[in-house]
Amino acid sequence: MAALAITGLTRRFGAVQALAGIDLRAGDGELVAVLGPTGAGKTTTLRAIAGLDRPDAGAIHLGGEDITHHDPARRDVAMVFQNFSLYPHLTVGENLAFPLRAPWRRIADDQIAARVERAARILHIEPMLTRKPTMLSGGQMQRVAIGRAIVREPRLFLMDEPLTNLDAKLREELRVELKSIQRELKATTIYVTHDPIEAMALADRLVVLDHGRVLQDDTPDRVYASPAHRRVGELLGAPPMNFLAARVEGGQVRLLADAAAAWPCAAPAGEVVVGLRPEDLRVASDGAISARCEIVEFFGADVVVGLRIGDERVRIVVDERADLRPGTPCRLTAKAAAVHVFAMDGRRIASAS
Amino acid sequence: MSYLALEQVTKRYANGFQAVKRFDLSVRQGAFVVFLGPSGCGKTTTLRMIAGLEEVSGGAISLAGRRIETLRPADRDIAFVFQFFALYPHLTVRENMEFPLRAQGMRGAEIATRVDETARMLGIAPLLTRKPGTLSGGDAQRVSLARAMVRRPKAFLMDEPLGQCDLHLRESLRDEIKRLHVGIGATTVYVTHDQAEALSLADVVVLMKDGDIQQVASPQDIYHRPANLFAAHFIGSPGMALIDGTVTSASPLRIDGVIAGAPLALTTPTTAVAGQDVVVGLRPEDIEIAPEVASGDRFAVGSVSLREHLGAFDLIDIDLGSSGAAAPTGTALVDARRILKCRTAPNAFAGATRVAFRVRDGRGVLFDRVTGKAV
């Protein structure tokens with residue numbers, strides 16, 4: 001495995017600036033999750049690393065070597081796609097061995113067998129080696145697809161939303177497995193996703209991408225605790241962070257929708273946007289914020305309640321015992337430390353304090 | 001009083017495969033019913049039989065007091081929503097909404113009244129002259145729902161309508177469907193494999209597997225009182241941890257073999273008797289965690305094998321260790337690795353390799369190990 005360093009990666013498709021100067025690093029053995037919405041540039045970045053697409057500018061180094069202009073085959077990079085395309089006429093074992101049989105690889109048969117066996121053991125697909133892919137479930141097929149990347153023993157894994165096409169339940173199970181496989185192999189991995197839970201759970205480091213730019217690059221905990229941009233708060237959160245128009249004045253930040261809601265804040269006076277995570281807004285009979293309950297959604301461990309503060313909609317997470325009914329008023333509170341303050345252009349200014 | 005009823009509805013293919021087996025369901029008017037299950041469970045086939053897109057091999061379907069299983073799809077008075085956003089880009093919002101009414105042969109004045117009423121109900125009246133391309137995502141969603149509703153069908157059928165959308169869009173669309181249903185109360189059958197979607201939208205969840213109904217219940221009931229091991233495993237994110245044990249005392253309830261070297265103490269009501277082999281089902285939030293020193297009072301100690309920071313909370317895996325008992329596991333759903341997933345506040349017990357834990361009062365569900373059913 002090897003470390004990856006990308007600097008100033010730029011790519012334009014016609015009028016669309018897909019990548020506007022991306023910097024991204026992954027240490028040896030590190031899993032870097034790239035989180036972003038559709039069109040953020042996630043897949044374009046992966047394709048540039050794999051050599052499937054040429055960047056307009058910028059450099060890609062793998063293991064200290066400049067691979068920006070190398071052929072895809074020479075990069076020693078393995079990619080796992082969302083659509084697990086397996087050869088239907090080959091058995092699972094043959095599918096796994098296939099990438100190793102390329103003549104230019106010159107891998108001996110016993111070597112191939114050993115690698116296939118090891119990958120099958122790691123992925124718990126040993127009993128399926130003689131079966132055809134059509135006899136497998138979606139989760140098993142994606143395991144085989146990941147296995148095909150593992151047998152190559154590449155310097156870098158690229159994963160493009162590999163769990164997206166699976167049932168929700170399988171996605172969860174495979175997420176935990178994928179993390180332990182990645183740890184076991186000490187595999188340097190770039191993992192692209194739009195799912196915040198997946199990103200939080202898998203990432204050693206988290207890069208949030210939007211409109212071809214890196215908005216933040218840090219540990220998942222730190223990105224969650226202090227988003228550098230309101231888009232980060234929105235993208236990394238399920239449900240996303242709530243945003244409310246506010247004003248800083250006289251050392252306080254005050255909601256426009258409810259003037260009784262104010263927290264101390266050191267930011268310069270002016271219009272701002274306050275960000276509040278759904279789990280940080282709490283129901284309290286003596287809370288300063290007045291709200292009206294609109295909708296209650298049961299998710300098992302969590303109940304998500306949609307409320308209106310003035311004309312603005314927010315969502316909060318409560319536990320099941322909270323007695324909120326659509327159409328009824330309630331009062332909310334939030335600790336100053338949980339109040340994120342963003343400038344009108346989206347950049348983080350401060351936490352209230 | 002049943003509004004939509006399925007009796008012994010069966011789908012058998014020519015090769016003998018039974019996709020749906022004697023499906024019985026009774027739905028009251030205005031209910032939001034969700035068919036939930038993994039791929040291949042028969043949920044979509046059942047929905048398509050209600051719509052008339054698939055013939056029944058046996059059984060009866062009735063809607064609003066009328067047998068419909070042999071009627072043509074167009075004669076069933078049902079709206080089938082495949083996915084949102086399928087608006088005609090060259091037509092205005094009003095023309096998009098008029099389209100299904102014209103196709104039904106409705107006349108001009110009546111069409112205008114119907115469109116205006118529906119638009120007002122959904123709060124899109126100001127958008128009627130706009131083209132879809134100029135609408136925000138949320139408004140486009142409301143318009144596509146409005147177009148499905150304008151016909152006033154007797155029931156809405158929705159087949160994974162949010163499947164192709166990305167996460168945030170899916171959340172806002174789900175909200176929109178929920179608000180709409182609260183607002184107009186149209187009888188709806190909705191198919192998904194996503195248990196979170198099912199819990200949040202449904203009045204009634206119909207959980208299916210291999211063509212059979214596993215449980216029909218409210219979201220709260222199916223979450224807290226799963227009828228069998230499959231429901232316990234499938235519902236929840238993650239599902240219940242399922243661990244083998246043997247009841248040693250029914251009152252107070254004590255179960256051996258779950259925790260290495262100590263009985264597990266529960267206060268949940270059960271009909272299980274001493275000596276019965278059971279599976280204990282525990283949800284991540286059923287477990288209370290404390291520092292390792294907090295011994296006594298039903299606390300046991302275990303080692304932490306994995307920690308996931310998920311933002312709003314952490315999941316901590318506690319390794320329950322070897323049970324010592326060589327009891328065979330009753331089903332593949334039982335966790336042979338014996339891991340208990342627990343939910344804690346973010347970064348609670350950071351760095352601890354061992355913690356004390358106990359099951360909160362009244363939590364935990366017992367299943368008979370032979371039948372797999374809740375006891």
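Just so it is clear: chains get the letters A, B, ... in the order the sequence lines come, proteins before strands, and each one is counted from 1. These figures come from a predicted structure and were not determined experimentally.
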Below 4.5 Å, heavy atoms only, C-beta onward: do B:K178 and A:E294 meet side chain to side chain?
->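 The answer is no, as the side chains (C-beta and beyond) never meet within the 4.5 Å cut-off.
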Kindly indicate whether the side chain of B:L199, heavy atoms from C-beta on, has any atom under 4.5 Å from the side chain of A:E297.
->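 No; the side chains remain at least 4.5 Å from each other.
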Of the backbone (N, CA, C, O) and the side chain (C-beta and beyond), which part of [X] lies under 4.5 Å from a heavy atom of chain A, both, or neither?
| X | result |
| --- | --- |
| B:R307 | neither |
| B:L201 | neither |
| B:H233 | both |
| B:S237 | both |
| B:D317 | neither |

Under 4.5 Å, counting heavy-atom pairs only, tell me which of A:D280, A:D302, A:T164 racks up the most with chain B.
->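 The option with the most such pairs is A:D302.
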Evaluation steps, side-chain contact (heavy atoms from CB on, under 4.5 Å), between A:V176 and B:E308 = CA-CA 9 Å; A:V176 175; B:E308 285 187 291; 4.1 Å; yes
How many angstroms lie between CZ in A:R171 and NE2 in B:H193, if you round to the nearest 0.5 Å?
->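 Output value for this atom pair is 6.5 Å.
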What is the distance from atom CZ of A:F298 to atom OH of B:Y223, rounded to the nearest 0.5 Å?
->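 Result: 6.5 Å between the selected atoms.
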Atom [atom1] of [X]: over 12 foreign heavy atoms under 6.0 Å:
| X | atom1 | result |
| --- | --- | --- |
| A:D311 | CG | no |
| B:R225 | CZ | yes |
| B:R360 | CZ | yes |

What part of [X] is in contact with chain B, defined as an atom under 4.5 angstrom from a non-hydrogen atom: side chain, backbone, both or neither?
| X | result |
| --- | --- |
| A:A238 | both |
| A:P278 | neither |
| A:V296 | backbone |
| A:I197 | both |
| A:P220 | neither |
| A:L235 | both |

Locate the shortest heavy-atom distance separating A:A301 from B:R343; write the atom from each residue and the value.
->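 Looking at all heavy atoms of both residues, the shortest contact is CB-NH1, 3.5 Å.
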Which one, B:I222, B:L310, B:L315, leads in non-hydrogen pairs under 4.5 Å with chain A?
->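 When all of B:I222, B:L310, B:L315 are compared, B:L310 has the most.
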